[in-house]
Amino acid sequence: MFRALLPVRRLSRYHPPQPQPQPPPGTGAAPGSPRGPGLTPSVPGPAGNRVLPLWRRVAVVAAVSAAAGAAWLYLRQEKQRQHRLRRRSELQALALGQGDFHLLDQTGRARCKADFRGQWVLLYFGFTHCPDVCPEELEKLCRVVELLEKEAGLPPVQPLFITVDPERDGVAAMARYVRDFHPRLLGLTGSAEAVRAAGAAYRVYASAGPRDEEGGYAVDHSVLIYLLGPDGLLLDYYGRSKSDLQIARSVRRHMDTYRPLG
């Protein structure tokens with residue numbers, strides 16, 4: 001028998017594909033990349049993807065914050081300035097304090113409003129027999145003057161006290177009363193008509209109450225401290241709720257922004 005000569009087919013052994021080695025994280029090499037581990041792409045990415053250094057980012061944030069703060073401060077100061085101008089216009093429209101007065105100080109010297117032109121003035125209306133309100137407000141007024149005196153470069157403020165009770169507050173009574181307050185405090189009095197005219201210029205309300213058995217009486221009156229500028233016009237006023245520090249800050253702002261009329 002002849003054995004048929006057939007080609008012998010060899011069966012090759014199956015070899016599964018070997019996984020490609022992955023580059024370490026952060027090398028930027030893609031799978032299958034011919035670059036070795038630790039190498040980064042040679043072509044930089046788009047400029048928009050670049051990250052600014054930390055110091056530059058901090059500088060940008062600081063510059064933006066400073067600009068925003070400056071804008072806020074300017075708007076705040078401008079708002080305050082507009083408020084003061086509007087308040088001054090309203091006071092001028094009411095014609096408060098634009099009249100003159102002719103009174104006597106505690107030494108008997110004749111005084112008129114023109115004597116105080118060119119000066120800053122804090123003015124209060126009251127009476128020497130007032131048990132508590134008038135002394136408290138005059139003490140507050142004098143503390144304001146002292147606070148402003150401590151600031152170098154500010155012009156002096158003249159404190160004034162005008163009585164609403166001329167019957168009992170003559171020159172001698174005013175002299176005894178004002179010596180317990182600031183040494184530059186002037187107490188002004190005069191005839192009933194002159195005192196009434198001075199109060200009317202500032203729309204001061206004053207009304208004497210009924211007399212007791214000894215002839216004493218109280219005087220009901222408005223309680224305000226008036227600020228007059230160097231031109232003699234009323235710039236502002238302060239009620240009992242305002243502290244000495246608040247009034248001093250307000251007076252200082254008026255001094256900083258003052259512009260004479262005309």
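No hydrogens, no waters, no symmetry mates; every other heavy atom, side chains included, goes into these values.
- When all heavy atoms are compared, the tightest approach of G126 to C134 is CA-SG, 3.7 Å.
- To the nearest 0.5 angstrom, K140 atom NZ is 8.0 Å from R143 atom CZ.
- Note that CG of L186 is 8.5 Å distant from CZ of R109, once rounded to the nearest 0.5 Å.
- Between the side chains of D169 and T128, at least one donor-acceptor pair of N or O atoms lies under 3.5 Å.
- L235 and G229 make their closest contact through CD1-CA, 3.7 Å (heavy atoms, listed as atom of the first residue, atom of the second, distance).
- With sequence neighbours left out, the ring-ring contact (aromatic ring centres under 6.0 Å, His included) criterion links F127 to H221.
- With rounding to the nearest 0.5 angstrom, the CD atom of E139 is 13.0 Å from the NE2 atom of H182.
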Let me have the donor-acceptor pairs involving side chains of residues 191-199, under 3.5 Å, with sequence neighbours excluded, atom names and distances please.
residue	atom	partner	partner atom	Å
S191	OG	A194	N	3.1

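- Contact check for D256 versus Y258: no side-chain heavy atoms found under the 4.5 Å cut-off.
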Check against side-chain contact (heavy atoms from CB on, under 4.5 Å), L147 and L245: CA-CA 8 Å; L147 287 170; L245 292 175; 3.7 Å; yes
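- Hydrophobic clustering keeps Y238 apart from Y205 (ILVMFWY residues linked when any side-chain heavy atoms are closer than 4.5 Å, directly or through intermediates).
- Evaluation of the salt bridge (charged side-chain N to carboxylate O under 4.0 Å, His left out) test over residues 146-158, restricted to residues two or more places apart or in two chains, returns E149-R184, E151-R252.
- A donor-acceptor pair is defined here as one N or O able to donate and one able to accept, closer than 3.5 Å; such a pair exists between the side chain of Q106 and the backbone of G187.
- Side-chain atoms of T189 do not come within 3.5 Å of backbone N or O of T163 as any donor-acceptor pair.
- Remark: R57 engages V51, L52, L54 in a side chain to side chain contact (heavy atoms under 4.5 Å, CB included) (not counting sequence neighbours).
- Taking CD1 from I225 and NZ from K242, the interatomic distance works out to 12.0 Å, rounded to the nearest 0.5 Å.
- Contacts of R240 classified as salt bridge (Lys or Arg N to Asp or Glu O under 4.0 Å), with partners at least two apart in sequence or in another chain: E136.
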Step-by-step ring pair (Phe, Tyr, Trp, His ring centres under 6.0 Å) determination, Y226 to Y124: CA-CA 7 Å; Y226 299 91; Y124 179 75; 8.7 Å; no
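- Each ring pair (Phe, Tyr, Trp, His ring centres under 6.0 Å) pair with one or both residues in residues 147-172, not counting sequence neighbours, appears once here: F161-Y177.
- For the side chain to side chain contact (heavy atoms under 4.5 Å, CB included) criterion with L123, the lone passing option out of L224, L141, L160 is L160.
- Hydrophobic cluster membership of V61, counting Ile, Leu, Val, Met, Phe, Trp and Tyr whose side-chain heavy atoms lie under 4.5 Å apart directly or via other members: none, as it forms a cluster of its own.
- Between A114 and D100 the shortest heavy-atom distance is N-OD1, 4.1 Å.
- Among residues two or more places apart in sequence or in another chain, the side chain to side chain contact (heavy atoms under 4.5 Å, CB included) test is passed with A67 by none.
- We find the CG-CG distance between L234 and D236 to be 7.5 Å, quoted to the nearest 0.5 Å.
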Trace of the salt bridge (Lys or Arg N to Asp or Glu O under 4.0 Å) decision for R111 with D105: CA-CA 7 Å; R111 296 280 188 168; D105 67 16; 3.0 Å; yes
side-chain contact (heavy atoms from CB on, under 4.5 Å) assessment of F181 paired with V145: CA-CA 11 Å; F181 299 96; V145 174; over 6 Å; no
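- Listed by chain and number, the hydrophobic cluster partners of W55 come to none, as no ILVMFWY side chain reaches under 4.5 Å of it.
- Judged as a salt bridge (Lys or Arg N to Asp or Glu O under 4.0 Å), and not counting sequence neighbours, the contacts of R168 are D165.
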Could you give the side-chain donor-acceptor pairs of residues 115-122 under 3.5 Å, partners two or more places apart or in another chain?
residue	atom	partner	partner atom	Å
D115	OD2	C112	N	2.9
R117	NE	D231	O	3.2
Q119	NE2	D115	O	3.4

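- Atom CD in E137 sits 10.5 Å away from atom CG in D132 (nearest 0.5 Å).
- Hydrophobic cluster membership of L104, counting Ile, Leu, Val, Met, Phe, Trp and Tyr whose side-chain heavy atoms lie under 4.5 Å apart directly or via other members: V171.
- Counting only distance, with no hydrogens or angles, the side chain of S250 and the backbone of Q246 share no donor-acceptor pair below 3.5 Å.
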